[in-house]
Amino acid sequence: MNKKLKTEAVDRLFDGILCLNTREECCRFMEDLCTVNELLSLSQRFEVASMLKNGSTYLEIAEKTGASTATISRVNRSLNYGNEGYDIVLDRMKK
């Protein structure tokens, strides 16, 4: 984990997320925690990651999601050189 993220407060946030049991609980927590724009940005990045893993082109992704090429590139960099977080979640969601 990035050293900047390794704090007691971040650990507590992640522990809080891990104790949620349903989509409804997750939705309620995230709506309290994030602004609408933050949630939309997070969901857009997640959709971009899914489409990249499925072989979509930058143009297809931009047209479907409205993401900028900079966002698509940033997500692609995370998929290729990141901590495999997207891979873990996307692979588990397939099952």
Side-chain angles (χ1 to χ4, degrees):
M1 176 186 267
N2 183 324
K3 288 180 184 179
K4 293 178 185 177
L5 291 177
K6 192 63 180 152
T7 68
E8 199 171 306
V10 171
D11 283 347
R12 186 162 164 74
L13 171 64
F14 293 159
D15 289 342
I17 291 168
L18 289 169
C19 79
L20 299 169
N21 293 317
T22 65
R23 181 181 292 160
E24 175 63 23
E25 287 178 355
C26 186
C27 181
R28 290 168 63 180
F29 178 70
M30 294 304 288
E31 282 188 50
D32 285 347
L33 182 66
C34 301
T35 66
V36 170
N37 285 337
E38 289 168 335
L39 281 172
L40 292 173
S41 292
L42 291 171
S43 65
Q44 182 187 63
R45 285 185 226 146
F46 190 65
E47 183 66 15
V48 167
S50 178
M51 292 181 73
L52 284 167
K53 284 202 44 111
N54 288 325
S56 296
T57 66
Y58 276 36
L59 181 60
E60 292 167 334
I61 295 167
E63 287 176 351
K64 182 172 186 227
T65 67
S68 68
T69 55
T71 295
I72 298 168
S73 180
R74 186 178 321 117
V75 171
N76 193 45
R77 191 169 41 253
S78 291
L79 284 170
N80 290 317
Y81 305 107
N83 295 310
E84 300 178 353
Y86 283 122
D87 293 325
I88 292 167
V89 173
L90 292 169
D91 289 346
R92 287 182 184 168
M93 289 179 73
K94 286 182 185 176
K95 298 175 183 177

*Any residue meeting side-chain hydrogen bond (donor to acceptor under 3.5 Å, both in side chains) with T65, in chain and number order, not counting sequence neighbours*: none
_Nearest non-hydrogen partners of L42 and C34, listed with the distance_ = CD1-SG, 4.5 Å
*asked:* Is there a path of hydrophobic side-chain contacts, each under 4.5 Å between heavy atoms of I/L/V/M/F/W/Y residues, joining L90 to Y81?
replied: no
*Could you list the residues that satisfy side chain to side chain contact (heavy atoms under 4.5 Å, CB included) with I88, not counting sequence neighbours?*
R92
*Do you reckon V75 sits in the same ILVMFWY cluster as V89, going by side-chain contacts under 4.5 Å, direct or chained?*
yes
*side-chain hydrogen bond (donor to acceptor under 3.5 Å, both in side chains) pairs, two or more places apart, involving residues 39-56*: E47-K64, K53-D87
_With side-chain hydrogen bond (donor to acceptor under 3.5 Å, both in side chains) as the rule and sequence neighbours excluded, what pairs involving residues 20-29 come up?_
none
Side-chain donor-acceptor contacts of residues 8-19 below 3.5 Å, not counting sequence neighbours, with atom names and distances?
residue: D11; atom: OD1; partner: K6; partner atom: NZ; Å: 3.4
residue: D11; atom: OD2; partner: K6; partner atom: NZ; Å: 3.2

*Report yes if the side chains of Y58 and L52 come closer than 4.5 Å at any heavy-atom pair, otherwise no.*
yes
_Pairwise distance CG(N83) to CG(L5) - rounded to 0.5 angstrom_ = 9.0 Å
*Would M30 and L40 show up in the same hydrophobic cluster when neighbours are defined by side-chain heavy atoms closer than 4.5 Å?*
no
_Going by side chain to side chain contact (heavy atoms under 4.5 Å, CB included), name the residues that satisfy it together with E31, two or more places apart in sequence or in a different chain._
C27, L39
*Can you tell me how far CD1 of I72 sits from CG of L59, rounded to the nearest 0.5 angstrom?*
8.5 Å
